[in-house]
Amino acid sequence: MSIFKKIGLGLLASLVVIQFIRPEKNQLPITSDQQLSSRYPIPDSVNRILQKACMDCHSNNSRYPWYASIQPIAWWLDEHIRDGKKHLNFDEYTHRSLRYQYHKMEETIEMVKEEEMPLPSYTWTHTEARLTKAERIAITQWAQSVMDTMKQRYPADSLVKPRKS
Ligand code: HEC
């Protein structure tokens, strides 16, 4: 057998083997009083946009496409979900500090305005998540309204670190 055939067979065998090593799916039980929506209402129109464009990576419940069962794609997706959740998780939100909650809304506005979110590698396959200008405005206005609600409810220095003079 030629060396190339041996390498080829070796690769094929490892491709088969890794199909059995699957990352755990991001489909966890929800603690509803930790969800952002438990404290700050999300209008249906905004919720629909968040569901289709953000929640696969920023919640405890991802929808998986068929190719997510194929390795090494599953690992690659898993990495994005883990990383996304580490930065922002709408299902684990209200138990975090007020400063954290406030700041994450600031970041949401920034990321959506600058078209950094949803990730381009995601919209490439999820065409419905390619946001229109109106959809981007809907998200940023909603995030701003969450910040405004927080400003009404809590003292300013609990939301933003006071500047040292
Ligand atoms: C395919 C997965 C994916 C999708 C979909 C996605 N994100 Fe992200 N998001 C990430 C990852 C990964 C990071 C962390 C790395 C980075 O900042 O690029 C992140 C980071 C963030 C951050 C935090 C930035 C920071 O500085 O910590 C915010 C806010 C955010 N995303 C908002 C959104 C919003 C809003 C949507 C929907 C419009 C969205 N994301 C859709 C994966 C995703």
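Just so you know, ligand 1 is whichever comes first in the structure, and atom 1 is the first atom listed for that ligand.
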What protein heavy atom is closest to [atom], reported as residue, atom name and distance in Å?
atom: atom 11 (C) of ligand 1; value: Gly84 CA, 3.5 Å
atom: atom 5 (C) of ligand 1; value: Ala53 O, 3.2 Å
atom: atom 14 (C) of ligand 1; value: His87 ND1, 3.3 Å

Between [options], which one has a non-hydrogen atom sitting closest to [atom]?
atom: atom 29 (C) of ligand 1; options: Thr108, Asp83, Ile49, Leu50; result: Thr108
atom: atom 16 (C) of ligand 1; options: Lys85, His80, Met117, Glu116; result: Met117
atom: atom 2 (C) of ligand 1; options: Ala129, Cys57, Cys54; result: Cys57

Q.
Between ligand 1 and Leu88, can you find any atom pair, the residue atom being a heavy atom, that is separated by under 4.0 Å?
A. yes
Q) Do you know the tightest heavy-atom contact between Ser158 and Leu98? A) O-CB, 3.6 Å
Numbered atoms and elements of ligand 1 in range of [X], under 4.0 angstrom, heavy atoms:
X: Met111; value: 24 (C), 28 (C), 29 (C)
X: Val112; value: 35 (C)
X: Lys104; value: 27 (O)

Q. Pick one: which of Glu107, Gln101, Glu106 meets side-chain hydrogen bond (donor to acceptor under 3.5 Å, both in side chains) with Lys104?
A. Glu107
Q) Centre of Tyr102's six-membered ring, under 6.0 Å away, within 45 degrees of the axis: is that where NZ or CZ of Arg99 sits? A)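 The answer is no; the distance or angle limit is not met.
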Q: Have a look at ligand 1 and work out which part of Glu107, if any, has a heavy atom under 4.0 Å from it: side chain, backbone, both or neither.
A: both
Q: Please check if any side-chain donor atom of Asn61 sits under 3.5 Å from a side-chain acceptor atom of Asn26, or the reverse.
A: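 Short answer, no.
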(Q) Does this structure show an ion pair linking Lys52 with Glu135, if we count only N-O contacts that are shorter than 4.0 Å? (A)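 Here Lys52 pairs with Glu135 in a salt bridge, since their nearest N and O are under 4.0 Å apart.
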Q.
Tell me whether Arg82 is salt-bridged to Asp78, with the criterion being a basic N under 4.0 Å from an acidic carboxylate O.
A.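 Yes, charged N to carboxylate O under 4.0 Å.
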Q | Metal site atom 8 (Fe) of ligand 1: N/O/S of His58 inside 2.8 Å | A |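 A backbone or side-chain N, O or S atom of His58 is under 2.8 Å from atom 8 (Fe) of ligand 1.
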**Q.** Atom CZ of Phe4: over 12 foreign heavy atoms under 6.0 Å
**A.**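 Open: at most 12 neighbouring heavy atoms sit under 6.0 Å from CZ of Phe4.
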Q) Relative to each other, are the rings of Phe90 and His58 parallel, tilted or perpendicular (30° and 60° limits)? A) perpendicular
